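FYI, side chains are in, hydrogens and waters are out, and symmetry mates aren't considered; it's all heavy atoms of this structure. What you see is a predicted model; the values in this text were computed from it and never measured.
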Amino acid sequence: MTVLDAPAGSAVPPVPGQGLVPVFVRLKLTLLRNGLRQSSGRRAAYVASLVVTVLLAAGQVIGLVALRGHAQAGTVAVLLTAVVALGWAVMPLYFPSGDETLDPSRLVMLPLRPRPLIRALLVASLIGIGPLFTVTLALGSVIAVAHGAIAVAFGVIAVPLTLLVCAALARSVVTANIRLLTSRKGRDLAVLSGLVIAVGIQFVNFGAQHLGRAGGLSVLEPVADVVRWLPPASALGAVGSASDGAYGAAFGQLLISALALAGLMRLWQRSLVKLMTSPDGSTIAAAEPSAGRSGTDRSGLFSLLPEGRTGTVMERSLRYVVRDPKTKASWVTALAIGLIVPVLNAAQGSGSVYFACFAAGMLGMQMYNQFGQDTSAFWMVALSVSSVRDAYVELRARALALLLITLPYTVLVTVVTAAVLGDWVALPGVMGLSFALLGAMLATGALASAMFPYSIPQDGAFKNVVPGQAGLAWISILGGMVAAAVISGPVIGLTVWLHVAGHQDLLWLVLPVGAVYGAFVGWLGVRLAAPRTADRLPEILAAVSKG
């Protein structure tokens, strides 16, 4: 063994002949304790998370106990277990830095054998908020479905087995992907976790509404019949089978979870051996750069962009969308939510084709804080802006790059929403209104970028504003959105008047009016923002470089 150093002067001294399990348990507790000592904010966040988890766990247990004797109690138990297991498999991929012991590459230089190491890591992973929540779920599920002494005996085995399978699943997934997670692509994945959460919430909302209309939990029984044979939900399914007297099925379901645990441990061990013995990018010579290719030559679709400053700025903005993690996350989230909200509402029959304007609003927000997206690299842009004309071309090119994506996407969402609802009469009006809203947001976004710039920190997946600039961000985004709604008032008023007056056959007029009006206000906003940008370059540079 070697000395496992810890911050704040606390170390875990080696004990001759001591097993790895107690050492790693103490290491996990030391890391947790010293992490909480770093700041009061971190302690407050941890305490708040713990309180919320305990409250959710208590409510979960109460709800499951209340289901005892209900016909669908087993259905709820196995499906909840499957969802929690999915969380164990997925969440560490998005938050690999949340637990230092999740990174086995830190142990590469220690003289440790794989089998004792994975046993110690498995036990250490049972310390935390996640295991507490999982144990309460398993206990509540056993109480809900166990009837009889034999079922209770199966439940005594099912609870720890469920927790062990979940922990082994998380560890094996992380170990197999740890080099990806600690690379730039892994950081992109962590940033894009916000998209998964946002999209998942929309689908959960849609599923809950569909479930309510379908007549309750009975519609989930076919799904539960399959899930109860999948680990670790099969361990809870074994308790239900034992309650029904199907002891053979119960034994088989319990065996499936036990075999899954053994298979995950084996997979984890193989991944760990490969990680600790195979070379990585730091030990392999970098490939020679391709000869004969200039770094300034445009290729592919970028070759279609105009020459000069306009094309250069457009290419830079589009490359940010592809390469910068924060910009990529913002765009992908806006594209996904902008499509999901109107289409899902239309699919439920409760939406309106005007919900398609939501897509234009989501994408128009990408115009806000244009210079903050450059972070400290904005100084290179500032050096190239020597006149109001330069500032105008810079802002115009950024707006054009945004329009290359937003215009066809807005048309696509509008057409899909109208097709789902079958409301083709309102399609031109919705499209014209979306164009007007998009132009207004381009105008207010350009002005807000010049008047209220703020820095976007590069560390942290969910940190979008540096401390002390939250007020600027709220003024920029919320104020700009309110102003955009007011600016779009004439086109909104025209659309409302045509509906109220019964002139739906003239709604097609909103399309050209909205397109022309949106183009005009967008151009005017960029024109008004240019002199303010040129005059405030030092202030903008200072504001966006704080991160």
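Atom OG of Ser317 and atom CG of Leu402 lie 9.0 Å apart (nearest 0.5 Å). Separating the CG atom in Leu339 from the OH atom in Tyr409 is a distance of 4.5 Å, to the nearest 0.5 Å. The distance from the CG atom of Leu363 to the CG atom of Leu437 is 10.5 Å, given to the nearest 0.5 Å. From Met362, atom CE reaches atom CD1 of Ile340 across 10.0 Å, with rounding to the nearest 0.5 Å. Atom CH2 of Trp331 and atom CE of Met365 lie 12.0 Å apart (nearest 0.5 Å). For the atom pair CG of Leu272 and CZ of Arg115, the computed distance is 12.5 Å after rounding to the nearest 0.5 Å.
The closest side-chain heavy-atom distance from Leu318 to Ile405 is below 4.5 Å. Under the 4.5 Å side-chain criterion, counting only non-hydrogen atoms from C-beta, Trp268 is in contact with Leu121. For the pair Met367 and Met441, the minimum side-chain heavy-atom distance is 4.5 Å or more. Between Leu438 and Leu403, some side-chain heavy-atom pair lies under the 4.5 Å cut-off. Asp374 places a side-chain heavy atom less than 4.5 Å from the side chain of Tyr320. You'll find the side chain of Ser271 stays beyond 4.5 Å of the side chain of Ser172, heavy atoms only. Contact check for Leu164 versus Leu264: no side-chain heavy atoms found under the 4.5 Å cut-off. You'll find the side chain of Pro131 reaches within 4.5 Å of the side chain of Trp88, heavy atoms only.
A pairwise comparison of heavy atoms in Ala138 and Leu236 identifies O-CD1, 4.0 Å as the closest pair. Shortest non-hydrogen contact noted between Gln253 and Ser241 is OE1-OG, 2.7 Å. Ala168 approaches Leu261 most closely through the heavy-atom pair CB-CD1, 3.9 Å. Taking every heavy atom of both residues into account, Thr81 and Ser141 meet most closely at OG1-OG, 4.3 Å. The two residues Val413 and Gly338 make their nearest non-hydrogen contact at CG1-O, 3.7 Å. Summarising the geometry of Ala250 relative to Ala242, their closest heavy-atom pair is CB-N, 3.7 Å, with the distance given to 0.1 Å.
Of the possible polar contacts, none joining the Thr75 side chain to the Ala224 backbone as a donor-acceptor pair under 3.5 Å is found. Of the possible donor and acceptor atoms, one in the side chain of Ser243 sits under 3.5 Å from a partner among the backbone N and O of Val145. Between the side chain of Tyr368 and the backbone N or O of Gly480 there is at least one donor-acceptor pair closer than 3.5 Å. A donor-acceptor pair under 3.5 Å links the side-chain atoms of Thr136 to the main chain of Phe133, judged by distance alone. Checking side-chain atoms of Asp423 against main-chain N and O of Ser352 turns up no donor-acceptor pair under 3.5 Å.
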| Full working for side-chain contact (heavy atoms from CB on, under 4.5 Å) between Phe358 and Ile337 | CA-CA 9 Å; Phe358 187 79; Ile337 303 302; 3.6 Å; yes
| query | Under the side-chain contact (heavy atoms from CB on, under 4.5 Å) criterion, do Ile118 and Met265 qualify, and how do the steps go? | reply | CA-CA 8 Å; Ile118 63 173; Met265 295 291 285; 3.9 Å; yes
| request: Mind running side-chain contact (heavy atoms from CB on, under 4.5 Å) on Leu254 and Ser234 for me, showing each step along the way? | output: CA-CA 6 Å; Leu254 204 62; Ser234 61; over 6 Å; no
| request: Would you sort out whether Phe24 and Ile127 count as a side-chain contact (heavy atoms from CB on, under 4.5 Å), showing the intermediate values? | output: CA-CA 11 Å; Phe24 272 75; Ile127 302 173; over 6 Å; no
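Side-chain contact, Ser434 with Thr410: no donor N or O sits under 3.5 Å from an acceptor N or O.
Of the candidates Leu126, Leu137, Val84, Leu126 is the only one forming a side-chain contact (heavy atoms from CB on, under 4.5 Å) with Leu163. When each of Ile62, Leu64, Leu56 is paired with Gln60, the side-chain contact (heavy atoms from CB on, under 4.5 Å) condition holds for Leu64 and for no other.
In the displayed structure, Met481 atom CE is contacted under 6.0 Å by at most 12 heavy atoms of other residues, nucleotides or ligands. Other residues, nucleotides and ligands place more than 12 heavy atoms under 6.0 Å from the CZ atom of Arg68.
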